[in-house]
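What follows is one structure encoded as structure tokens, with my remarks underneath.
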Amino acid sequence: MDHISHYDYLFLKMIQSNRINFLDLLFFWISSTAKFISIASLIIIGLLAGFRQQLNLKRKLYALLVIFGTSSIITLVLKRIVLRLRPSIVHHDIIELSKPGLYSFPSGHTTVAFALSFGMLFLGFKKSIIFPFFVWAFLTAYSRMVLGAHYPLDVLTAIIISLTVSLFIAFFFRKWNQKTN
């Protein structure tokens with residue numbers, strides 16, 4: 001594991017040393033939008049489903065809520081089990097441009113951004129809606145490393161958690177949809 005941690009640190013150091021300083025505020029802003037955009041999007045989908053009285057959209061919302069909640073819980077549990085300290089705590093040459101909590105593995109911001117994006121993809125939302133969410137999710141993941149809050153492995157693990165949970169829930173969503181139609 002030390003070997004992996006070493007390369008994880010080197011990759012983070014490369015990302016940070018090649019950052020463009022005047023974009024730091026932009027990345028800080030992108031990073032800070034992760035939870036707000038995720039929750040606001042779920043609320044908007046809920047409002048649209050209610051106003052339009054579309055059963056399929058309501059079902060997609062329920063599935064998205066399960067994806068979002070499950071991914072978040074898995075991330076929180078792993079964070080409490082693994083207890084991996086933030087990069088700037090372990091490596092004093094890593095610049096911390098945000099004020100995150102103590103532990104970094106996996107990235108919660110990345111998890112929620114990708115849970116929403118993968119969920120929308122696998123549940124069959126329109127591609128024109130999904131694409132901006134993925135751009136935002138990738139920028140969120142990258143911002144977490146640029147800001148020194150996470151190692152690349154923290155971000156990659158968050159993406160894998162979101163992907164796996166989204167695939168799993170979407171599979172059961174399709175089965176449930178087939179039985180109820």
> Within a strict 4.5 Å, meaning less than it, do heavy atoms of the Val146 and Gln16 side chains meet?
Replying inline: no
>> A side-chain contact here means heavy atoms from C-beta on lying under 4.5 Å apart; do Val82 and Tyr103 qualify?
In response: no
> Rounded to the nearest 0.5 Å, how far does CD1 of Ile67 lie from OG1 of Thr111?
Replying inline: 13.5 Å
>> Please find the pair of heavy atoms, one from Thr110 and one from Val155, that lie closest to each other, and give the distance.
In response: CG2-O, 3.8 Å
>> If you compare all heavy atoms of Phe105 against all heavy atoms of Leu153, which two are closest, and at what distance to 0.1 Å?
In response: CE1-O, 4.0 Å
> Could you walk me through whether Tyr9 and Ile94 pass the side-chain contact (heavy atoms from CB on, under 4.5 Å) check?
Replying inline: CA-CA 9 Å; Tyr9 159 69; Ile94 298 296; 4.0 Å; yes
>> Can you tell me how far apart CZ (Phe68) and OG (Ser162) are? Round to the nearest 0.5 Å.
In response: 9.5 Å
>> Using the rule that Ile, Leu, Val, Met, Phe, Trp and Tyr join whenever any side-chain heavy atoms are under 4.5 Å apart, tell me whether Leu163 and Val77 fall into a single cluster.
In response: no
> Rounded to the nearest 0.5 Å, how far apart are CD1 of Ile161 and CD1 of Ile73?
Replying inline: 12.5 Å
> So which of Ile37, Leu64, Leu47 actually passes side chain to side chain contact (heavy atoms under 4.5 Å, CB included) with Leu42?
Replying inline: Leu64
> Any link between Leu102 and Leu76 through a network of hydrophobic side chains (Ile, Leu, Val, Met, Phe, Trp, Tyr) touching at under 4.5 Å?
Replying inline: no
>> Closer than 3.5 angstrom, by distance alone: can the side chain of Arg86 be matched with the main-chain N or O of Ala149 as a donor-acceptor pair?
In response: yes
> Rounded to the nearest 0.5 Å, what separation is found between the OG1 atom of Thr157 and the CD1 atom of Ile74?
Replying inline: 12.5 Å
> Quick check, are the ring centers of Phe114 and Phe138 under 6.0 angstrom apart?
Replying inline: yes
> Which atoms form the tightest heavy-atom contact between Ser166 and Ala115, and what is the distance?
Replying inline: OG-O, 3.8 Å
>> Is it the case that the side chains of Asp154 and Ser104 hold a donor-acceptor pair, with the cut-off being a distance below 3.5 Å and no angle test?
In response: yes
> Is the Tyr7 ring parallel, tilted or perpendicular to the His3 ring (thresholds 30°, 60°)?
Replying inline: perpendicular
> Can you find a heavy atom in the side chain of Pro87 that is under 4.5 Å from one in the side chain of His150?
Replying inline: no
>> Counting the benzene-type ring for Trp, do Phe134 and Phe118 have ring centres under 6.0 Å apart?
In response: yes
>> For a 4.5 angstrom cut-off between non-hydrogen side-chain atoms, does Leu10 reach Met14?
In response: no
> Tyr151 ring centre to Arg84 NZ or CZ under 6.0 Å, with the angle to the axis within 45°?
Replying inline: yes
>> Taking atom CG as the centre, does Leu25 end up with more than 12 heavy-atom neighbours from other residues, nucleotides or ligands that are less than 6.0 angstrom away?
In response: no
>> If we count only N and O atoms by modelled type, under 3.5 Å, do the side chains of Trp136 and Ser117 hold a donor and an acceptor together?
In response: no
> Pro132 and Ser128: which non-hydrogen atoms are nearest, and at how many Å?
Replying inline: CD-O, 3.2 Å
> Hey, does the side chain of Lys79 reach the backbone of Pro106 with a donor-acceptor pair shorter than 3.5 angstrom?
Replying inline: yes
> What's the shortest heavy-atom distance between Ile169 and Ala63, and which atoms?
Replying inline: CG2-O, 3.8 Å
>> Taking NZ in Lys58 as the centre, count heavy atoms belonging to other residues, nucleotides or ligands within less than 6.0 Å. Is the count above 12?
In response: yes
>> In this structure, would Ile81 and Leu156 fall into the same cluster of hydrophobic residues linked by side-chain contacts under 4.5 Å?
In response: no
> Distance from Leu147 atom CG to Phe27 atom CZ, nearest 0.5 Å?
Replying inline: 8.5 Å
> Backbone N or O of Thr140 within a donor-acceptor pair of the Ser143 side chain at under 3.5 Å?
Replying inline: yes
> Side-chain contact, heavy-atom cut-off 4.5 Å: Ile15 with Tyr142?
Replying inline: yes
>> side-chain contact (heavy atoms from CB on, under 4.5 Å), that's the test. Do Val112 and Ser71 meet it? Break it down for me.
In response: CA-CA 7 Å; Val112 296; Ser71 298; over 6 Å; no
>> Measuring from atom CE of Met120 to atom OG of Ser41, what distance do you get when rounded to the nearest 0.5 angstrom?
In response: 6.5 Å
> Is the closest side-chain heavy-atom distance between Val66 and Phe172 below 4.5 Å?
Replying inline: no
> So is Lys60 actually on top of Phe173's ring, under 6.0 Å and inside 45° of the axis?
Replying inline: no
